[in-house]
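Structure record follows, encoded as structure tokens.
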Number of protein chains: 2
Amino acid sequence: MSHFNPKTNRKFAIRAMKRSLETIEYKENTEALAKFAKALGHPTRIAILKHLESQSCCFTGDLVDVFPLAQSTVSQHLKELKNAGLIQGELKPPKIKYCINQDNWKIAKSLFQDFFD
Amino acid sequence: MSHFNPKTNRKFAIRAMKRSLETIEYKENTEALAKFAKALGHPTRIAILKHLESQSCCFTGDLVDVFPLAQSTVSQHLKELKNAGLIQGELKPPKIKYCINQDNWKIAKSLFQDFFD
DNA sequence: TTTGTTTATCGCCAATAGGCGATTGATTTT
DNA sequence: AAAATCAATCGCCTATTGGCGATAAACAAA
């Protein structure tokens with residue numbers, strides 16, 4: 001089936017257009033995995049997590065010293081890792097000690113494992 | 001150490017400001033892992049890869065039928081997966097058959113494995 | 001109470017991502 | 001040669017990301 005576009009003087013295919021306004025239904029693990037992956041999708045955040053793994057825990061300020069980034073930028077990355085559930089902050093006033101969230105870390109680990117067979 | 005801001009009538013801390021215009025040096029694997037993770041950071045792309053795993057291979061059109069997304073949108077996701085090296089396209093004119101790129105898949109798998117201990 | 005220390009948040013900006021319809025280009029089929 | 005099929009790309013739009021400096025908020029220390 002085709003139609004004619006007088007403006008361009010060309011044929012064009014009729015296509016059934018779609019709109020994803022009907023929010024897509026994914027299998028449950030799909031979105032969880034994508035969320036973890038997205039949080040890991042920046043080299044600075046990978047590096048932060050590696051640092052937390054080796055140090056077990058650390059303060060925001062420690063990371064600011066490690067990376068050539070503004071304090072606000074580091075804080076923003078920490079926020080994203082926290083929102084994804086990969087880390088957690090413990091108040092040690094006036095500092096905050098960040099650690100890997102072991103429960104979610106295990107979940108993420110197994111989601112990636114399953115995904116890659 | 002602190003200074004005084006006459007505009008706001010407040011003290012403020014002096015902070016050594018940083019600029020990351022000096023492009024950051026990460027360990028090699030860090031950026032590779034982040035790149036893979038970024039490509040996996042969208043549920044549609046996860047779903048596409050799961051589909052490719054189960055079917056071994058498929059055409060763009062098949063995916064357009066599976067997802068309630070426009071053909072151009074699906075094509076865009078495929079492009080990103082291809083750029084990340086996770087899939088590859090084989091010409092079967094006039095179609096294109098997409099498959100998992102097994103070599104890079106193995107690399108990604110081991111990077112994630114190592115990362116999660 | 002004031003000062004200093006530490007971290008989060010705000011406002012701004014530029015760049016990227018994600019979605020779409022329309023179009024193009026390649027290739028088969030008729 | 002003409003028509004149909006298929007996938008990539010273009011242009012457009014909006015939303016999100018990533019960076020920064022400045023400010024605010026919380027608390028310890030003096």
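Being a predicted model, the structure only gives us computed values, none of them experimental. Here is the naming used below: chain letters follow the sequence lines, and residue numbers restart at 1 for every chain. Reckoned from all heavy atoms, side chains included, excluding hydrogens, waters and symmetry mates.
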Between the side-chain atoms of [X] and the base atoms of [N], is any donor-acceptor pair under 3.5 Å?
| X | N | answer |
| --- | --- | --- |
| A:Gln76 | C:dA8 | no |
| B:Glu80 | C:dA17 | no |
| A:Ser72 | D:dG21 | yes |

Return the value, rounded to whole Å, for the distance between atom [atom1] of [X] and atom [atom2] of [N].
| X | N | atom1 | atom2 | answer |
| --- | --- | --- | --- | --- |
| B:Lys35 | C:dT16 | NZ | C1' | 16 Å |
| A:Ile96 | C:dA8 | CD1 | C1' | 8 Å |
| B:Lys95 | D:dA4 | NZ | C1' | 13 Å |
| A:Leu81 | C:dA8 | CG | P | 12 Å |
| A:Leu69 | D:dC20 | CG | C1' | 10 Å |
| B:Gln71 | C:dT23 | CD | C1' | 11 Å |
| A:Arg45 | D:dT16 | CZ | P | 15 Å |
| B:Lys97 | C:dA26 | NZ | P | 23 Å |

Listed nucleotide nearest any side-chain atom of [X], set [options]:
| X | options | value |
| --- | --- | --- |
| B:Ala70 | C:dG21, D:dA8, C:dT7 | C:dG21 |
| A:Lys38 | D:dT16, C:dT16, D:dG18 | D:dT16 |
| B:Lys79 | C:dG21, D:dT9, C:dA8 | D:dT9 |

Most 5' of B:Lys82 and A:Gly41 on DNA chain D, judged by nearest nucleotide: B:Lys82
Between A:Leu91 and A:Thr44, which is nearer to the 5' end of DNA chain D once each is assigned its nearest nucleotide? A:Thr44
Hydrophobic cluster identity match, B:Leu63 and B:Phe59, side-chain contacts under 4.5 Å: no
Distance below 4.0 Å between [X] side-chain N/O and [N] OP1 or OP2:
| X | N | result |
| --- | --- | --- |
| B:His42 | C:dG19 | yes |
| B:Tyr98 | D:dC6 | no |
| A:Ser75 | C:dA8 | yes |
| B:His77 | C:dA17 | no |

Which heavy atom of A:Pro43 sits nearest to which heavy atom of B:Ala34, and what is that distance? N-CB, 3.5 Å
Tell me the closest heavy-atom pair linking B:Phe36 and B:Asn104, and the distance in Å. CZ-O, 4.0 Å
With rounding to the nearest 0.5 angstrom, report the [atom1] to [atom2] distance, [X] to [Y].
| X | Y | atom1 | atom2 | result |
| --- | --- | --- | --- | --- |
| A:Asn101 | A:Lys106 | CG | NZ | 9.5 Å |
| A:Thr30 | A:Phe115 | OG1 | CZ | 8.5 Å |
| B:Leu52 | B:Cys99 | CG | SG | 7.5 Å |

5' priority, DNA chain C, between A:Gly61 and B:Thr73 [closest heavy atom]: A:Gly61
